[in-house]
Amino acid sequence: MSQISLTFPDGTKRDYAAGVTPAEVAASIASGLTKKAISATVNGAHFDLQWPIKADATIAIHTMADDAQALDLIRHDCAHIMARAVQEIWPDVKVTIGPVRDYGWFYDFDRAEPFTPEDLGAIEARMRQIINARDPVRTEVWPRADAIKFYEAKGEPFKVELIGRIPEGEDLRMYWHGHWQDLCRGPHFQHTGQVPADAFKLTHVAGAYWLGDSTRPMLQRIYGLAFKNREDLKAHQTMLEEAAKRDHRKLGREMELFHLQDEAPGMVFWHPNGWQIWRTLEDYMRGRLRHAGYKEIRTPQVVDRVLWEKSGHWEAYRENMFIVEVDEEGAKEKRINALKPMNCPCHVQVFNQGLKSYRDLPLRLAEFGSCHRYESSGSMHGLMRVRGFTQDDAHIFCTEDQIESECAGFIALLSSVYKDLGFDKFDIKLSTRPPVRIGSDETWDKVESALTNAIQHLGLPYQINPGDGAFYGPKLDFKLTDAIGREWQCGTFQVDAQLPVRLGAEYVGEDGAKHHPYMLHRAILGSFERFIGILLENYSGRLPFWLAPRQMVVSSIVSDADAFVYETTNALKKAGVRAEADTRNEKINYKVREHSIGKVPVILAVGMKEVEERTVSVRRLGDSKTEAMTLDQAIAEFGFAALPPGGQ
RNA sequence: GCCCUUAUAGCUCAGCUGGUAGAGCACCUGAUUUGUAAUCAGGGGGUCGCGGGUUCAAGUCCUGCUGGGGGCACCA
């Protein structure tokens with residue numbers, strides 16, 4: 001047998017017989033490593049200890065100290081152990097696939113009866129038995145015909161189909177966890193006892209289409225969490241509980257911001273406090289847009305289908321549109337309109353009024369545009385996915401040469417807005433030309449490089465999603481990261497050479513001839529509804545002072561202080577602060593508690609001491625200390641704090 | 001849209017194997033004038049999501065619809 005050379009992380013090389021396994025390599029290095037080794041990285045691929053290495057390679061042996069590999073094996077072995085447990089309890093259940101995911105894994109099963117929470121407990125118990133049995137894990141590469149025959153005999157149709165989808169030439173790997181068998185890419189541990197028995201938890205069952213295809217059968221997916229030890233699992237569960245506490249739907253009720261009801265699913269009823277947040281945010285955005293050279297417009301909600309036919313939406317998007325029929329008396333036929341699902345066609349109508357010159361470009365038209373989309377019933381979620389929403393929309397009409405500078409200007413504006421709103425980190429994703437597209441390659445080259453140059457000149461990192469652009473042009477998506485690490489896609493910047501042509505937008509160029517402008521679709525917040533939801537969850541409802549719907553409550557301690565409470569409240573209001581007086585006959589403890597729960601950023605307490613000294617006692621949310629301040633100081637400080645960032 | 005699950009007072013929830021509803025908070029009234037996260041006492045409040053069905057009897061069992069939740073699909 002021939003020799004191969006393996007290169008270790010420290011650069012040393014050793015020779016082995018071809019076909020040596022990582023387990024044998026580990027044993028050759030140190031006897032302690034034989035026991036501690038769990039897997040290896042061979043030429044960048046995660047290898048099972050049992051897999052033969054056939055040629056020269058770089059190799060690194062992993063132990064449980066390597067988090068990434070250890071967690072990958074723990075979660076993947078959990079998936080197999082769970083599937084084995086399920087089939088041991090219910091032998092007629094068919095298995096499908098069970099991949100690793102963030103913090104755990106899932107496995108999809110085909111079973112007539114639904115799994116119940118009690119079932120999950122029984123499965124967990126059986127999993128622990130399997131782990132405690134320390135059953136060996138074995139793997140073999142099989143010819144596909146044998147594997148297909150094997151699964152047909154076993155009555156596992158999903159596995160048979162899966163084999164048919166694995167590319168020819170790829171090794172078909174069979175795994176055994178004890179007596180139980182599964183088709184799997186691997187790698188895995190060497191025995192089931194290597195999975196920590198106290199660091200996993202089955203969390204919930206959900207439906208999932210086979211192969212993610214809604215025309216295929218609905219399977220039952222069981223989700224599990226798994227970590228290296230009990231403490232990590234507990235920490236993660238605590239984190240999930242904390243995340244649930246800041247759910248915007250819960251905060252919306254507690255802070256009296258908005259509600260949703262049966263008669264208008266997916267449409268928001270904004271209450272005074274919530275609408276105050278909205279208006280503050282809208283005023284802020286309006287100021288930012290004005291400074292960035294945008295002109296604000298307003299276009300109709302209900303538009304005749306003729307326009308949607310021209311724009312192409314009637315054909316492509318009709319099932320998601322709210323159709324409005326008007327039956328005019330005496331008219332020969334009904335007039336069919338649609339609530340606008342987006343603003344772009346209306347903005348082109350504004351552009352088309354009057355003759356435009358190249359001197360008018362770039363023309364930036366902004367609208368806080370109310371849109372309605374008939375979203376599928378299962379997709380709605382609080383403020384995050386609704387049927388009626390308002391975009392911070394704008395369309396920039398420009399020439400090809402202006403795309404790059406417009407893009408750069410947009411990203412600068414977006415990053416500044418995100419920073420003001422408390423999001424320091426965001427990622428950019430560039431989606432490039434798809435296989436099916438319109439326009440010449442030359443134009444695509446030019447437009448894609450305009451976007452790339454704009455990002456690069458700003459020195460920002462970005463990822464490329466090849467082929468993910470729209471058929472009419474490339475796009476940038478902007479994803480921000482919130483306080484607990486979740487990512488939200490909000491901003492977008494799309495280049496469109498199509499709609500201006502379809503809707504006949506033209507300008508007179510320097511050459512005196514008519515040209516179609518490019519249209520740049522862009523949004524920073526995405527929608528007010530969703531962004532307010534994100535803000536609430538990011539801040540856990542404790543919005544920064546300028547955004548808080550109720551900024552200050554001036555609370556009396558004794559009723560003799562009431563006059564000074566009103567004087568203070570009125571002075572603060574005059575200074576632009578959203579201040580309220582609370583002179584109810586209640587203890588100061590009661591008032592402090594109530595307004596703290598109400599997430600009011602600043603509570604002022606006024607007793608006789610303050611009345612005599614013309615001071616206020618300041619208590620900031622989340623801080624149990626108080627601070628004495630003269631009334632004049634308080635007015636100056638909080639009057640300033642109430643201004644939006646940038647002093648607009 | 002699909003799978004599972006769920007719907008009881010303004011909110012959070014209890015109501016066992018069917019016997020016509022209960023708690024805490026909130027709300028109202030009274031007392032209390034209080035120093036930084038709940039003062040005490042009393043009171044009012046629910047056609048148990050909606051429509052059918054089984055039963056002597058339905059919040060409870062069956063069924064349809066609607067909304068919510070967890071996912072999947074969708075998000076041009």
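Order of the sequence lines fixes the chain letters, A, B, ..., with proteins taken first and strands second; residue numbering starts at 1 for each chain.
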Peer 1: For nucleotides B/rC3 and B/rG44, find the distance between their C1' atoms and express it as a whole number of Å.
Peer 2: 44 Å

Peer 1: Test salt bridge (charged side-chain N to carboxylate O under 4.0 Å, His left out) on A/K479 and A/D427 and set out the steps.
Peer 2: CA-CA 5 Å; A/K479 236 193 238 171; A/D427 295 319; over 6 Å; no

Peer 1: Mind checking A/K609 for me? I need base, sugar-phosphate or nothing, with any heavy atom below 4.0 Å counting as a touch.
Peer 2: base

Peer 1: Can you tell me how far C1' in B/rU60 sits from the matching atom in B/rU6, rounded to whole Å?
Peer 2: 15 Å

Peer 1: Going by modelled atom types, is there a donor-acceptor pair between the base of B/rG71 and the side chain of A/Y209 at under 3.5 Å?
Peer 2: no

Peer 1: May I ask you to say what A/G312 touches in the nucleic acid, namely base, sugar-phosphate or nothing, with a heavy-atom cut-off under 4.0 Å?
Peer 2: nothing

Peer 1: According to a strict under-4.0 Å criterion, is A/R620 in side-chain N/O contact with OP1 or OP2 of B/rU36?
Peer 2: no

Peer 1: Describe the nucleic acid contact of A/A605 in one word from base, sugar-phosphate, nothing, applying a heavy-atom distance below 4.0 Å.
Peer 2: base

Peer 1: Measure from the side-chain heavy atoms of A/T626 and tell me the nearest of B/rA37, B/rU36, B/rG35.
Peer 2: B/rU36

Peer 1: For A/E594, report the nucleic acid contact type (base, sugar-phosphate, nothing); a contact means any heavy atom under 4.0 Å.
Peer 2: nothing

Peer 1: Considering only the P atoms, how many Å lie between B/rU36 and B/rG45, rounded to the nearest integer?
Peer 2: 39 Å

Peer 1: Starting from C1' on B/rC4, measure out to CZ on A/F106 and report it in whole angstrom.
Peer 2: 16 Å

Peer 1: Heavy atoms only: give me the nearest A/C346-A/K340 pair and the separation to one decimal.
Peer 2: SG-CD, 4.4 Å

Peer 1: Any protein N or O atoms within reach of nucleotides 64-69 of chain B? Criterion: under 3.5 Å, listing atom names and distances.
Peer 2:
{"from": "B/rG67", "atom 1": "O2'", "to": "A/D262", "atom 2": "OD1", "distance (Å)": "2.9"}
{"from": "B/rG69", "atom 1": "OP1", "to": "A/R249", "atom 2": "NH1", "distance (Å)": "2.9"}

Peer 1: Could you go through A/H259 and A/F269, starting from their C-alpha distance and side-chain angles, then the distance that decides it, and tell me whether this counts as ring-ring contact (aromatic ring centres under 6.0 Å, His included)?
Peer 2: CA-CA 5 Å; A/H259 85 271; A/F269 291 79; 4.5 Å; yes

Peer 1: In this structure, how many angstroms lie between the P atom of B/rC4 and the CG atom of A/D108, rounded?
Peer 2: 15 Å

Peer 1: For nucleotides B/rA7 and B/rG64, find the distance between their C1' atoms and express it as a whole number of Å.
Peer 2: 16 Å

Peer 1: Are any of the side-chain nitrogens in A/E627 or A/R620 under 4.0 Å away from the carboxylate oxygens of its partner?
Peer 2: yes

Peer 1: Rounded off to whole Å, could you give me the CG-to-P distance for the A/D562 and B/rU33 pair?
Peer 2: 15 Å

Peer 1: Mind calculating the distance between CG (A/D247) and C1' (B/rG70) to the nearest angstrom?
Peer 2: 12 Å

Peer 1: Of the nucleotides B/rC75, B/rU36, B/rG71, which has the atom closest to the A/H204 side chain?
Peer 2: B/rG71

Peer 1: Taking only the side-chain heavy atoms of A/Y223 (C-beta and beyond), determine which of B/rU33, B/rA73, B/rC72 contains the nearest atom.
Peer 2: B/rC72

Peer 1: My understanding is that only residues two or more places apart in sequence, or in another chain, count here; which of them pass salt bridge (Lys or Arg N to Asp or Glu O under 4.0 Å) with A/D119?
Peer 2: A/R111

Peer 1: With a 4.0 Å cut-off, would you call A/E254 and A/K250 a salt bridge?
Peer 2: yes

Peer 1: Scan A/A206 against the nucleic acid and name what it touches under 4.0 Å (heavy atoms): base, sugar-phosphate only, or nothing.
Peer 2: base

Peer 1: Ignoring hydrogens and angles, are the base of B/rC74 and the side chain of A/R385 linked by a donor-acceptor pair under 3.5 Å?
Peer 2: yes

Peer 1: Quick check on RNA chain B: between A/M218 and A/G212, whose nearest nucleotide comes earlier from the 5' end?
Peer 2: A/M218

Peer 1: Could you tell me how far B/rC27 sits from B/rC16 if I compare only their C1' atoms? Round to whole Å.
Peer 2: 32 Å

Peer 1: Which part of the nucleic acid, if any, lies within contact of A/L260, taking any heavy atom under 4.0 Å across all strands shown: a base, the sugar-phosphate backbone alone, or nothing?
Peer 2: nothing

Peer 1: Closest nucleotide of RNA chain B for A/R101 versus for A/E610: which of these residues is on the 5' side?
Peer 2: A/E610

Peer 1: Any donor-acceptor pair under 3.5 Å joining the side chain of A/S624 to the base of B/rA37?
Peer 2: no

Peer 1: Quick check for you: among B/rC74, B/rU39, B/rG35, whose closest atom lies nearest to any side-chain atom of A/S617?
Peer 2: B/rG35

Peer 1: With rounding to the closest Å, how many angstrom separate the C1' atoms on B/rG1 and B/rA57?
Peer 2: 40 Å

Peer 1: Would you confirm whether A/Q87, through its side chain, and A/V93, through its main-chain N or O, come within 3.5 Å as a donor-acceptor pair?
Peer 2: yes

Peer 1: Give the nucleotide from the list B/rU33, B/rA37, B/rA73 with an atom nearest to the side chain of A/R619.
Peer 2: B/rA37

Peer 1: How close or far is atom C1' of B/rA73 from atom CH2 of A/W210, stated in whole angstroms?
Peer 2: 16 Å

Peer 1: To the nearest Å, how far apart are A/Y590 OH and B/rC27 C1'?
Peer 2: 10 Å

Peer 1: Suppose we call a contact any N or O donor and acceptor under 3.5 Å apart; does that hold for the side chain of A/E375 and the base of B/rG1?
Peer 2: no

Peer 1: Would you mind classifying the nucleic acid contact of A/E627 as base, sugar-phosphate or nothing, using non-hydrogen atoms under 4.0 angstrom?
Peer 2: nothing

Peer 1: Please state the C1' separation for the pair B/rC48 and B/rA9 - nearest whole angstrom.
Peer 2: 10 Å

Peer 1: Centroid-to-centroid, A/F638 to A/F545, below 6.0 Å?
Peer 2: yes

Peer 1: Looking at every strand, decide which applies to A/R253 at a 4.0 Å heavy-atom threshold: base, sugar-phosphate, or nothing.
Peer 2: sugar-phosphate

Peer 1: With distance as the sole test, does A/Q349 use its side chain to make a donor-acceptor pair with the main-chain N or O of A/P345 at under 3.5 Å?
Peer 2: yes

Peer 1: In terms of side-chain heavy atoms, does A/T583 have a donor or acceptor partner in A/Y566 at a distance below 3.5 Å?
Peer 2: yes

Peer 1: For the side chain of A/T203 and the backbone of A/Y223, is there at least one donor-acceptor N/O pair under 3.5 Å apart?
Peer 2: yes

Peer 1: Distance check needed: B/rC2 P versus A/D110 CG, whole Å only.
Peer 2: 19 Å

Peer 1: Report the distance from atom CG of A/L120 to atom P of B/rU5, rounded to the nearest whole Å.
Peer 2: 12 Å

Peer 1: Ignoring hydrogens and angles, state whether a donor on the side chain of A/D108 or A/W210 is under 3.5 Å from an acceptor on the partner side chain.
Peer 2: no

Peer 1: Identify the stems formed by RNA chain B, where each pair is Watson-Crick or G-U wobble with both distances under 3.5 angstrom and a stem is at least 3 consecutive pairs.
Peer 2: B:1-7 with B:66-72, B:10-13 with B:22-25, B:27-31 with B:39-43, B:49-53 with B:61-65

Peer 1: With rounding to whole Å, what would you report as the distance between B/rA14 and B/rG24 at their C1' atoms?
Peer 2: 11 Å

Peer 1: I'd like to know if the side chain of A/K159 reaches the main chain of A/V95, judged simply by a donor and an acceptor atom lying under 3.5 Å from each other, with no hydrogens or angles considered.
Peer 2: no

